[in-house]
Amino acid sequence: MRFDQTVTTTCGYCGVGCRLEAHAVDGRVVSISPALDGPANHGHTCLKGRFAHGFSRKRDRLRTPLIRDARGGELRPATWEEAIERIVSELTRIRDRDGGPDAIAGLASSRATNEDCYVLQRLMRAAIGTHNIDNCSRVCHSPTSWALRQSLGLSGATGSFDDIDAAGAAIIIGANPTEGHPVAGARIKQATLRGLKLVTIDPRRIELSDYAVAHLSPRPGSNAAVMLGLAHVVARDGLIDREYLDARTEGWDAVEDLLGDYTPGDVQRISAVPAADLERAAHIYAEAGEASILWGLGVTEHKYGSEVVRLICNLALMCGKVGRPGSALLPLRGQNNVQGSSDMGALPDTFTGYQSVADEDVARRFEARWGVSMKRERGMKIPEMFDAAVAGDLKAMYIFGEDVAQTDPNTTHVIAALEALEFLVVQDIFENETTRYADVVLPASSFLEKSGSFTNAERRIQLVAAAADPPGEARTDFDILVAVSAALGHAMPFASPADVMDEVAALTPDWAGVSHERLGRAGLQWPVAADGTDSPILYRDRFELPTGRARLAALPYKPPGSEASDEFPLVLVTGRRLEHYNAGTMTRRTGNLDLLPSDWLEIHPDDAARLWVADGDLVSVRSPHGRIELPARVTERIEPGHVFTAFHFPEIRTNLLIGSSADVNTSCPEYKVVAVDVRPVAEHASRTPAIASAT
Ligand SMILES: Nc1nc2c(c(=O)[nH]1)N[C@H]1C(S)=C(S)[C@@H](COP(=O)(O)OP(=O)(O)OC[C@H]3O[C@@H](n4cnc5c(=O)[nH]c(N)nc54)[C@H](O)[C@@H]3O)O[C@H]1N2
Ligand SMILES: Nc1nc2c(c(=O)[nH]1)N[C@H]1C(S)=C(S)[C@@H](COP(=O)(O)OP(=O)(O)OC[C@H]3O[C@@H](n4cnc5c(=O)[nH]c(N)nc54)[C@H](O)[C@@H]3O)O[C@H]1N2
Ligand code: SF4
Ligand SMILES: [Mo]
């Protein structure tokens with residue numbers, strides 16, 4: 001195929017979902033500019049969407065299938081026939097003779113399209129016969145998804161980014177949008193310049209704190225106390241929307257009883273947030289005519305992350321601030337298509353649209369369509385998969401676009417799991433930390449080389465269009481997965497991704513009216529009725545729960561899973577940098593690497609002085625799980641007692657430090673609180689056995 005053309009597509013990095021114009025010459029993308037009519041980006045992009053496309057042309061892209069003939073040996077190039085034959089013989093051996101279908105598990109890529117993820121979950125369920133399928137939402141916003149379903153009914157933001165412009169006030173808790181969701185971050189900045197009263201709640205002073213009227217800096221892991229404190233002040237000072245509370249919610253009495261224990265003084269003791277700041281923040285939110293709450297991983301990646309999301313819902317419901325323009329709950333979903341991969345049923349307990357695998361009518365509908373019979377019990381979540389692999393119960397995995405050996409917690413355990421598997425397939429666009437353990441590697445296509453759709457953090461389903469060809473022998477994820485499924489004996493009736501969307505629409509009430517044709521340039525926000533009417537705002541009149549009322553939750557503060565001690569006196573928080581994206585396989589292959597060639601540990605001047613660490617010194621960071629080394633950066637943006645770094649560089653391997661503690665309801669890892677000891681590098685290296693980097 002030859003292109004000298006421009007196609008309109010959707011960015012493949014973060015969940016903002018910027019619409020882009022990709023300009024290609026001779027089948028190669030040469031530049032990208034913002035689509036002026038993009039509903040989320042209004043003609044803007046960040047440096048990733050606009051400039052970080054050079055990875056797609058790198059010489060070290062995967063171009064042919066690779067096979068490892070013996071464990072410990074090298075990967076060697078192979079033909080597609082040979083690679084698929086190997087996958088079929090190993091997976092059918094395990095499925096039919098060795099461990100049964102539940103000895104096999106799959107991970108779907110939240111970087112890939114809805115159609116790709118749908119096909120992978122159908123492959124796992126229908127071709128293999130297991131519900132062992134999950135995606136990176138597990139390690140990200142699974143607590144948000146769970147809590148929103150419990151409190152309000154549906155697993156998605158209640159509104160859109162446009163609500164930021166319609167709001168008088170907003171709270172941002174545990175999110176850093178100018179780095180993680182830059183175009184949304186820029187929209188928030190502009191809104192503050194027009195008068196939006198912003199409150200930021202983060203242990204670090206994030207860039208948006210400079211634009212805020214109040215910044216609260218709680219101890220990591222104390223969000224529940226802060227949310228209960230805000231609710232206490234709202235109740236105490238008569239700021240409750242009584243009419244809304246009575247007409248539209250249930251469970252208030254138990255919450256009211258609980259709030260008595262969270263006076264601003266109590267909350268100050270738990271969280272270190274000054275009582276007066278808490279009171280001010282509660283008034284700013286409750287007194288605004290319309291106000292929204294935005295949150296991120298600083299809420300979810302904790303032991304009680306899912307409970308904090310329910311407490312966020314409580315506060316909004318008490319103030320009557322859900323279901324109107326400007327009054328929205330906006331979780332900043334991370335990956336370009338993490339909303340979609342979950343919507344598509346790449347989860348162990350639900351088919352598309354969060355329809356339970358245990359629901360008899362639902363299961364029968366899918367069985368009839370696919371011509372198979374399925375279990376009614378859910379499959380394994382990601383951490384359960386790794387535990388089962390180490391125990392010998394899980395024997396094979398199909399990992400599609402997720403670099404678990406770099407990004408999942410407790411790297412040593414993940415690697416032990418990957419090594420324990422009898423067979424591992426990795427389908428990616430580059431070799432990464434995970435392909436080191438793969439028996440077969442399949443070369444796939446990036447978002448610039450395929451078609452389909454992504455669903456952004458506003459539940460907006462938007463089209464993706466190919467601007468270039470996949471390199472060499474690489475194929476689209478859709479083509480690969482359909483071919484593997486057919487070779488396994490389950491042929492799917494899809495000639496193109498558009499056919500997949502038609503099947504999704506037929507099986508999923510909330511997607512009934514979705515088709516590629518209807519998505520057009522502006523996309524559609526689900527639920528989409530059969531006539532194509534979409535839903536920018538949820539819950540205008542009723543909540544999607546059996547009584548139509550939202551459920552308030554009486555949940556007390558509980559301490560985090562990891563706390564500072566004599567041996568590990570500092571608390572490490574991990575997060576993101578603007579220039580790099582997650583595992584960094586793509587951004588480290590672009591000019592962004594010149595902008596940010598390595599990572600560092602942020603440390604407060606008081607801690608640095610106590611430890612005899614100067615700016616730029618190499619430090620050693622040790623937790624109960626592992627040890628890493630990186631340079632220190634001394635900064636007052638972080639509170640004393642806390643340190644911060646990211647996880648984008650495989651040579652640093654931040655996740656050796658993270659343990660297995662996780663959210664109590666969803667198993668989302670507690671990435672945000674790890675007690676550590678920091679020393680100048682020579683001290684740890686001589687006194688403690690270095691934890692062997694597990695490669
Ligand atoms: N540039 C860039 N953009 C990205 C990504 C990337 O890797 N790079 N990744 C994408 C993905 S997958 C995701 S999920 C999103 C994530 O986007 P965000 O949710 O914004 O991610 P983080 O930076 O991990 O964490 C947000 C903030 O939580 C704070 N925090 C930590 N603990 C606590 C706590 O106990 N309480 C409070 N209130 N705050 C706390 C941290 O200090 C940090 O500033 O970004 C997406 N966008
Ligand atoms: N310490 C710490 N660790 C974290 C976090 C944290 O805050 N702190 N955050 C966690 C979060 S929120 C997330 S979401 C995870 C993200 O972790 P991952 O999902 O592992 O990260 P990504 O870099 O987005 O990419 C995954 C892989 O997909 C490949 N890929 C990209 N596009 C495509 C495609 O179209 N097709 C195929 N086949 N492959 C593709 C990339 O090359 C890469 O190897 O990291 C988690 N890890
Ligand atoms: S803000 Fe997110 S979606 Fe928009 S260009 Fe940047 S990475 Fe892409
Ligand atoms: Mo994420």
Side-chain angles (χ1 to χ4, degrees), residues 12-16 46-48 55 62 107 109-113 116 135-141 172-182 185 200-204 206 216-223 226 271 295-302 305 308 331-338 399-409 426-435 442-450 457 476-477 480 560 571-587 592 638 642 644-648 654-655 657-658 668-669 671-674:
Y13 285 106
C14 90
V16 174
C46 77
L47 84 176
K48 289 188 296 302
F55 72 87
L62 287 168
L107 296 185
S109 182
S110 299
R111 306 300 300 280
T113 63
D116 297 338
N135 77 81
C136 78
S137 174
R138 182 67 50 211
V139 300
C140 182
H141 270 280
I172 299 183
I173 172 165
N176 183 15
T178 55
E179 306 217 16
H181 299 81
T200 54
I201 308 179
D202 198 300
R204 297 185 303 154
I206 56 171
L216 277 44
S217 198
R219 288 198 182 102
S222 66
N223 290 325
V226 174
S271 69
W295 70 93
L297 304 178
V299 166
T300 58
E301 288 177 344
H302 286 283
V308 175
L332 293 169
R333 301 302 304 265
Q335 304 261 44
N336 55 312
N337 197 39
V338 64
I399 299 184
F400 160 35
E402 202 167 327
D403 192 3
V404 292
Q406 184 178 338
T407 57
D408 267 47
V426 174
Q427 177 170 318
D428 209 288
I429 58 176
F430 289 107
E431 286 193 63
N432 59 21
E433 294 305 299
T434 308
T435 56
L442 300 177
S445 50
S446 77
F447 73 97
L448 294 167
E449 301 141 7
K450 63 175 155 195
T476 65
D477 288 298
I480 300 169
V571 171
L572 170 72
V573 177
T574 58
R576 297 168 157 71
R577 308 277 183 209
L578 172 65
E579 295 80 359
H580 290 290
Y581 193 84
N582 291 347
T585 54
M586 292 149 78
T587 48
N592 287 23
I638 192 150
H642 307 161
F644 179 90
T645 190
F647 62 102
H648 307 306
T654 307
N655 287 355
L657 299 174
I658 316 272
C668 179
Y671 287 115
K672 296 295 191 248
V673 200
V674 185

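Indexing begins at 1, ligand by ligand and atom by atom, following the structure's order. Along the sequence shown, the residues carry numbers beginning at 1. What you are looking at is a predicted structure, and each value in this text was computed from that prediction instead of being measured.
In Arg577, the part holding a heavy atom less than 4.0 Å from any atom of ligand 1 is the backbone. With a heavy-atom cut-off of 4.0 Å, Asp408 does not touch ligand 2 at all. Both the backbone and the side chain of Asn176 come within contact range of ligand 1, each with a heavy atom under 4.0 Å. Residue Asp428 touches ligand 2 through backbone and side chain together, judged by heavy-atom distances below 4.0 Å. Residue His648 touches ligand 1 through its side chain alone, judged by heavy-atom distances below 4.0 Å.
Ligand 2 lies within reach of Arg576, whose nearest heavy atom is under 4.0 Å from it. At least one heavy atom of Cys136 sits less than 4.0 Å from an atom of ligand 2. In this structure, Ile206 counts as a contact residue of ligand 1, since one of its heavy atoms falls inside 4.0 Å of the ligand. Ligand 1 lies nowhere less than 4.0 angstrom from a heavy atom belonging to Arg333. In this structure, His141 does not count as a contact residue of ligand 1, since none of its heavy atoms falls inside 4.0 Å of the ligand.
At the top of the distance list for atom 33 (C) of ligand 2, counting protein heavy atoms only, stands Arg111 CB, 4.0 Å. The protein non-hydrogen atom at the shortest distance from atom 46 (C) of ligand 1 is Gly180 O, 3.5 Å. The single protein non-hydrogen atom nearest to atom 39 (N) of ligand 1 is Pro203 CD, 3.1 Å, given as residue, atom name and distance. Closest protein heavy atom to atom 23 (O) of ligand 2: Ala583 N, 2.9 Å. With hydrogens left out, the protein atom closest to atom 8 (N) of ligand 1 is His580 O, 2.6 Å, a heavy atom.
In this structure, the side chain of Ser271 does not engage the main chain of Ser222 through any donor-acceptor pair within 3.5 Å. Judged purely by atom type and a 3.5 angstrom limit, Tyr581 uses its side chain to pair as donor or acceptor with the backbone of Tyr13. Between the side chain of Lys48 and the backbone N or O of Gly12 there is no donor-acceptor pair closer than 3.5 Å. Here the side chain of Thr574 pairs a donor or acceptor atom with the backbone of Tyr671 at under 3.5 angstrom.
Contact detail for Val404 and Leu107: the closest heavy-atom pair is CG1-CD1, 3.7 Å. Taking both residues in full, the closest heavy atoms of Ile480 and Leu442 are given as CG2-CD1, 3.7 Å, listed atom of the first, atom of the second, then distance. Heavy-atom minimum distance, Pro218 versus Val226: CB-CG2, 3.9 Å. When all heavy atoms are compared, the tightest approach of Ala175 to Leu332 is CB-CD1, 3.9 Å. Annotation for Pro182 and Leu578: closest pair CG-CD1, 3.6 Å, computed over non-hydrogen atoms.
Numbered from 1 in the order shown, with element, the atoms of ligand 2 that lie under 4.0 Å from a heavy atom of Gln335 read 14 (S), 16 (C), 19 (O), 24 (O). Numbered from 1 in the order shown, with element, the atoms of ligand 2 that lie under 4.0 Å from a heavy atom of Lys450 read 34 (C), 35 (O), 36 (N). Those atoms of ligand 2 with a heavy atom of Ser445 less than 4.0 angstrom away are 34 (C), 35 (O), 36 (N). Listed by number with element, the atoms of ligand 2 under 4.0 angstrom from any heavy atom of Cys140 are 12 (S). Near Gln427, meaning under 4.0 Å from any of its heavy atoms, are these atoms of ligand 2: 38 (N). Under a 4.0 Å criterion applied to the non-hydrogen atoms of Ala444, ligand 2 contributes the atoms 38 (N). Atoms of ligand 2 found under 4.0 Å from any heavy atom of Met586 (numbered from 1 in listed order, with element): 31 (C).
Taking any N or O of Ser446, backbone or side chain, none lies under 3.5 Å from an N or O belonging to ligand 2. Among the atoms of Lys672, some N or O lies under 3.5 angstrom from an N or O of ligand 2. Taking only nitrogen or oxygen atoms, main chain and side chain alike, Asp202 reaches within less than 3.5 Å of ligand 1.
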Report task. Start with the C-alpha gap between Asn582 and Gln335, add the side-chain angles, then the distance that decides, and say whether side-chain hydrogen bond (donor to acceptor under 3.5 Å, both in side chains) holds. Result -> CA-CA 9 Å; Asn582 291 347; Gln335 304 261 44; 3.2 Å; yes

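For Arg333 and Ser137, the side-chain atoms include at least one donor-acceptor pair closer than 3.5 Å.
Side-chain contact between Ile429 and Met586 is present, with heavy atoms from C-beta onward closer than 4.5 Å.
Distances from atom 45 (O) of ligand 2 to the heavy atoms of Thr407, Thr645, Val426 put Thr407 nearest. For the residues Asn655, Asn582, Asp477, the heavy atom positioned nearest atom 36 (N) of ligand 2 is part of Asp477.
Between Lys672 and Glu301, at least one side-chain nitrogen of the basic residue sits less than 4.0 Å from a carboxylate oxygen of the acidic one, meeting the salt-bridge criterion.
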